[in-house]
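See below for the structure under consideration.
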Amino acid sequence: MSDAPARDFIRQIIDNDVSSGKHGGAVVTRFPPEPNGFLHIGHAKSICLNFAVAAEFGGSTYLRFDDTNPGKESEEFVAAIKADVRWLGFDWQDHLTHSSDYFDQLYAAAETLIGKGVAYVDSLSAEEIREYRGTLTQAGKDSPYRDRSVEENFDMFRRMRAGEFADGEHVLRAKIDMASGNINLRDPALYRIRHISHQHTGDKWCIYPMYDFAHGLSDAFEGITHSLCTLEFADHRPLYDWLLEQVDTPHRPQQIEFSRLNLAYALTSKRKLNQLVEEGVVSGWDDPRLASLAGMRRRGYPPAAIRDFCQRIGVTKKENIIEMAVLENSIRENLGEASERRMAVMKPLKIVLTNYAADITEQLTAQNHPGRPELGTREVPFGREIYVERDDFMEDAPRKFFRLKPGGEVRLRYAYIIRCDEVIKDDAGEVIELRCSYDPDTRSGTGTSDRKVKGTIHWVSAEHAIAAEVRLYDRLFKVPDPGSVDDVLTALNPNSLEIVSARIEPALGDATGGVTYQFERVGYFCTDSEDHTQGSPVWNRIVTLRDGWAKIEKQALQGQ
RNA sequence: UGGGGUGUAGCCAAGUGGUAAGGCAGCGGGUUUUGAUCCCGUCAUGCGCAGGUUCGAUCCCUGCCACCCCAGCCA
């Protein structure tokens, strides 16, 4: 048989529904964001789940904006969310809707409920309603308005709609059970008065439906078969089902809850994310350090890697905190395959090759991708003066340090073996230059010597390299769960951004947005979508390469 | 003292009566002109705890414990 991956519990439910012919075998899902903020990695899990599941079963997915609370919501967010979903790689085709598309039907459903005597207009104040609701352990009590006649409820509700009352004066409530252990069933509010114009329906309405009322019915109107949401809505399911039953919708979607994604060292709380943006802690919603989709896009995370990540983490009902390493693994795997290699030096240290002619520039051949020869080669200029990484030189190096040290030899990637003859320092004792000699017989590919050295380092030609600003990002927070810290500002990692003046090889001079590169031995990079120009290049580090040396250093430290 | 949900390795996650998949991380080794990649090996006598049923229990039963969510006219 097949060795298909194990199916998560949602797919198992759908398997059964399809084979039993429920919903006529159809599968229709929806992703229902409220347009009041930007999407983040947590939403990506839901988007991937909803779109992938429907696609697997030949169904379709709605992108439905849950815009039932004007004032908190805006078109700006609608546009941003659409761009994010599209970027993630999903296509809702013509299934773009808004809860507000159904305001007429929703209103009619409310009247149906009133007519059946299972909804009433309450005239208690918000505070009174809260008091009447009871507590987690104490039953609530009935509102004195609970037994208004059907006629009076119709009259009141119509006058609410007509704008005869001020905000908060009345509210439409379902008549269920004020003593229920499930607080959502203690006569939940269905409609409230809001004299605010709506981004879509303008001033047509001054009453707006609540989430619980609008959501399930919208699902029913759209023919959603499986309404997938996060765990905190499990308590709402009895209400969801009650509403469909009472309105007697011809179509009955099924709500299924799964656990939301928590990513270690990342923030997925809309409120706190907003705080960082508004207080200027980050540059905006698209700050590359944020786990927002806009931030990850600007950072250079490939959407395919995010999709892969969402698939790897699975779907269950268990609370979880996924380690950043899982995401980084998906990113490196994608980028390692896709990205051409280049050389760039983050923190340049000058080297003069004392036995190399000053007026010569050699063109050396470098592979664009050692693992994919079909990607060809490029020429890299080489001369007497080059830059190497400061970290690739150590004056007092441990034995296992296979890079440059006084008197030591190292291979320059795609070039020659050099030996460090002299270390030049400034008055402060800082190393500012190395004098080295190269071995002409060791040129890559054509070398007549088959001499081997332990280490290979990257470099750029001092004369030809391009100066570039490179932004080295690290995790934004120093604690695994910034979402649970009262003041997120205290959890910030002070080193989440380091800006360096790098030197990059000339082949990178005409790099354009959207193309990722591996800077050999350093990491994966792309140009910044906002600030990069050819005249003054700005690059973002997407993710580092895995660092085996860091591990060795760590072990050495522990061994001491 | 209410209602709902969840407990399988450091982090995820299959398995749900026949003797613990897989991924990430870690550890050990090999290849390597990227200390990357790649390759090989290793990593739960154990499935929240305690009883019970059974030839046999992560799975069934009973009791307990821990953690998460719910008292918006937010979603």
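Naming convention: chains lettered A, B, ... in sequence-line order (proteins, then strands); numbering from 1 in each chain.
Y414(A) comes within 4.0 angstrom of a nucleotide base, judged by non-hydrogen atoms across all strands. Among the atoms of the strands shown, only primed sugar atoms or phosphate atoms (P, OP1, OP2) are found under 4.0 Å from some heavy atom of A189(A). Using a 4.0 Å heavy-atom distance criterion, E337(A) is classed as making no nucleic acid contact.
Interface remark: the S444(A) side chain does form a donor-acceptor pair with the U33(B) base, using a distance-only criterion of under 3.5 Å. In the interface, the side chain of E232(A) is not paired with the base of G5(B) through any donor and acceptor atom under 3.5 Å apart. The base of U33(B) sits within donor-acceptor range of the side chain of R411(A), with an N or O pair under 3.5 Å. Judged by atom type and distance alone, Q138(A) does not reach the base of U1(B) through any side-chain donor-acceptor pair under 3.5 Å. Counting atom types as modelled, D235(A) pairs a side-chain N or O with a base atom of G3(B) as donor and acceptor under 3.5 Å.
When distances are taken from the side chain of R194(A) to each of G35(B), C73(B), U6(B), the shortest belongs to C73(B). Counting only heavy atoms from C-beta on, M210(A) has its side chain closest to G72(B) among G72(B), A25(B), C12(B). The side chain of R546(A) sits closest to G26(B) out of G26(B), G4(B), A75(B). When distances are taken from the side chain of A234(A) to each of A71(B), C24(B), G4(B), the shortest belongs to G4(B). Listed nucleotides: C12(B), G2(B), G35(B). Nearest to the side chain of I322(A): C12(B). Taking the side chain of R312(A) as heavy atoms from C-beta on, and the options G35(B), U34(B), C24(B), the nearest nucleotide is C24(B).
Note on R133(A): every side-chain N or O is 4.0 Å or more away from OP1 and OP2 of G2(B).
A salt bridge does not link E389(A) with R403(A): every distance from a Lys NZ or Arg NE/NH1/NH2 to an Asp or Glu carboxylate oxygen is 4.0 Å or more.
With a cut-off of 3.5 Å on both pairing distances, the Watson-Crick or G-U wobble partner of U6(B) is A66(B). When Watson-Crick and G-U wobble pairs are counted only if both distances are under 3.5 Å, A20(B) pairs with no nucleotide at all. In this structure, G56(B) forms no base pair with any nucleotide, since neither Watson-Crick nor G-U wobble geometry is met with both distances under 3.5 Å. Nucleotide C73(B) has no partner under the Watson-Crick or G-U criteria, as no pair reaches both atom distances under 3.5 Å. In a base pair of the Watson-Crick type (N1 to N3 plus N6-O4 or O6-N4) or a G-U wobble (N1-O2 and O6-N3), with each distance short of 3.5 Å, A25(B) is matched with no nucleotide.
For R475(A) and Y265(A), the positive end sits near the middle of the six-membered ring, less than 6.0 Å away and at most 45° from its axis.
E333(A) and S330(A) are not linked by any side-chain donor-acceptor pair at a separation below 3.5 angstrom, with hydrogens and angles left out of the test. Judged purely by distance below 3.5 Å, without hydrogens or angles, the side chains of Y416(A) and E362(A) pair a donor atom with an acceptor atom.
G28(B) and G15(B): their P atoms are spaced 34 Å apart (whole Å). Rounded to whole Å, the C1' atom of G41(B) lies 25 Å from the corresponding atom of U34(B).
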For F103(A) and H198(A): C-alpha separation, side-chain torsions, deciding distance, then whether ring-ring contact (aromatic ring centres under 6.0 Å, His included) applies. CA-CA 11 Å; F103(A) 279 177; H198(A) 185 281; 5.5 Å; yes

